[in-house]
Amino acid sequence: MNAIFPTPDATGSDRLLSPDELEAALRDIGARRYHILHPFHRLLHDGKLSKDQVRAWALNRYYYQAMIPVKDSAVLARMHDAELRRIWRQRIVDHDGDGPGDGGIERWLKLAEGVGFRRDYVLSTDGILSATKFAVEAYVHFVAEKSLLEAIASSLTEMFSPTIISERVAGMLKNYDFITKETLAYFDKRLTQAPRDADFALDYVKKHATTPELQRQAMAALTFKCNVLWVQLDALYFAYVAPGMIPPDAWKPGEGLVADGPAPATGPRKTAPGDTPRLPRGVRLRYDETRSKHVLLAPERTFDLDDNAVAVLKQVDGSRTVSQIADELGKVYAADPRAIEADICVMLDGLAEKRVLER
Ligand SMILES: O=C(O)c1cc(C(=O)O)c2c(n1)C(=O)C(=O)c1cc(C(=O)O)[nH]c1-2
């Protein structure tokens, strides 16, 4: 695999490098091959891409993010030292989080949603370029098959990531009006996680690459990983910039976006404070004299109502919003309108589900 991208011989000889010389040689690989130099990143950071091109980047990069803990689990499985595993497992926690809604993958999903994607579309990975999948999977195979030293050395691109992250966040915030700080929140945590991880990996490699052969392997691993990152951007460039040849089945602008319609199977729509509830044709609030209570009369059905529902429904006239109804009832019952608003929404949800209320 290295025949295609030969690893430069940093020394030109078989000499054992000192740890500092090895570090310098590794840094030199990044200086010449890290993906910050790729034309796609230059366009991305300088605000030269269209919104759809930024979307293509966010979607494809999701695949990388989602597979990083798979990759790190493969690395972990090769470690025979509990102390080492204890340190490495933090990477998996960083990406997976401690529970649902937490972690780097979740934050990347928020980034993808922030540029307009539906979460279910991103999670399906349907529109990801095959080249992205091939490159990412090659990384997972690499760490599973090569030595532990090479697996750890391949993560060393993270030495260079704080620079690219600072440049990317500043550039994207400045240059794209559809990008917000919240959308890019993924990168906040990476600014501390990446240097912590890279420092550990670099120390490990400097300590364990104790022969010229092992040092060459470490350099080759880092070169390989630079290529994993680089070819993903080649594929994005080819498909979405020039010549703009999108492969069959890959994402096409317009697909998988929230504007396509609501995500399937997300459950019934919830009432919001800005909604204007009204009774559908044929549904009426009536006082039932014989039972001395209010009921909701619908064609061939009658619904009993509790006092709170009656108070709310008396205010439902097809012109007041839920917020205005809450304000009104707040005055009558001397309660905080914002506190009762939520209860009103829940109650109206129940009626809407029974089809005796529209919003
Ligand atoms: O934004 C970037 O340019 C960038 C680069 C890299 C990298 O250099 O590998 C990683 C990340 N981000 C990243 O977010 C991340 O979680 C990550 C994990 C790894 C790895 O190899 O284990 N690299 C990277």
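Order of listing sets the numbers, starting from 1, for every ligand and every atom in it. All values below come from the heavy atoms of this structure, side chains included, with hydrogens, waters and symmetry mates left out.
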* To do: Give a yes or no on whether V143 and F134 share a hydrophobic cluster (residues Ile, Leu, Val, Met, Phe, Trp, Tyr; joining criterion: side-chain heavy atoms under 4.5 Å apart).
  =>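 V143 and F134: separate clusters.
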* Can you get from V295 to L313 by hopping between Ile, Leu, Val, Met, Phe, Trp and Tyr side chains that sit under 4.5 Å apart? ->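 No; tracing contacts between hydrophobic side chains, which count when under 4.5 Å, never links both residues.
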So, is [X] polar-close to ligand 1, with some N/O to N/O distance under 3.5 Å?
{"X": "K225", "answer": "yes"}
{"X": "H35", "answer": "yes"}
{"X": "H41", "answer": "no"}
{"X": "T157", "answer": "yes"}
{"X": "S161", "answer": "no"}

Under 4.0 Å, heavy-atom basis, I'd like to know which part of [X] is in contact with ligand 1: side chain, backbone, both or neither.
{"X": "R107", "result": "neither"}
{"X": "Q193", "result": "neither"}
{"X": "L229", "result": "side chain"}

* Rounded to the nearest 0.5 Å, how far apart are CZ of R27 and CG of L222? ->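 Here the rounded value is 10.5 Å.
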Proximal ligand 1 atoms for [X], defined as those under 4.0 Å from one of its heavy atoms:
{"X": "F187", "answer": "1 (O)"}
{"X": "R168", "answer": "1 (O), 2 (C), 3 (O)"}
{"X": "K71", "answer": "20 (C), 21 (O), 22 (O)"}
{"X": "E158", "answer": "8 (O), 17 (C), 18 (C), 19 (C), 20 (C), 22 (O), 23 (N), 24 (C)"}
{"X": "H95", "answer": "16 (O)"}

For [atom], what's the nearest protein heavy atom and its distance?
{"atom": "atom 14 (O) of ligand 1", "value": "Y186 OH, 2.5 Å"}
{"atom": "atom 23 (N) of ligand 1", "value": "Y64 OH, 3.2 Å"}
{"atom": "atom 12 (N) of ligand 1", "value": "R61 NH2, 2.9 Å"}
{"atom": "atom 18 (C) of ligand 1", "value": "I68 CD1, 3.6 Å"}
{"atom": "atom 5 (C) of ligand 1", "value": "Y34 OH, 3.2 Å"}
{"atom": "atom 17 (C) of ligand 1", "value": "R190 NH2, 3.7 Å"}

* Asked: W57 pairs by ring-ring contact (aromatic ring centres under 6.0 Å, His included) with which of W108, Y63, Y62?
  ->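 In the set W108, Y63, Y62, the residue that makes a ring-ring contact (aromatic ring centres under 6.0 Å, His included) with W57 is W108.
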* Asked: Taking the inter-plane angle between the rings of Y204 and H208 on a 0 to 90° scale, is it parallel (under 30°), tilted (30 to 60°) or perpendicular (over 60°)?
  ->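 Aromatic pair Y204/H208 classed parallel.
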* To do: Determine the interplanar angle of the F224 and Y139 rings, folded into 0 to 90°, and report it as parallel if under 30°, tilted if 30 to 60°, perpendicular if over 60°.
  =>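 It falls in the tilted class, 30° to 60°.
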* **Test applied, side-chain contact (heavy atoms from CB on, under 4.5 Å); reference residue, H38; option that passes from L229, D234, L236, L44** =>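 With H38 as partner, side-chain contact (heavy atoms from CB on, under 4.5 Å) holds for just one option, D234.
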* Looking at side-chain heavy atoms only, is the closest gap between L156 and I29 below 4.5 Å? ->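 Side-chain contact under 4.5 Å: no.
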* Who's closest to atom 20 (C) of ligand 1 heavy-atom-wise, of Y139, W108, F160? ->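 The option holding the nearest heavy atom is Y139.
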* To do: Compute whether any side-chain donor of one residue and acceptor of the other, for T290 and D288, lie under 3.5 angstrom apart.
  =>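 T290 vs D288: donor-acceptor pair found between side chains.
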* To do: Return yes when atom NZ of K252 has more than 12 non-hydrogen atoms of other residues, nucleotides or ligands closer than 6.0 Å, and no otherwise.
  =>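 Enclosed.
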* To do: Verify, without hydrogens or angle tests, whether S147 (side chain) and E150 (backbone) share a donor-acceptor contact under 3.5 angstrom.
  =>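 Checked: pair present.
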* **Aromatic W88 / basic R85 pairing, under 6.0 angstrom, 45° off normal** =>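 So R85 doesn't make the cation-pi contact.
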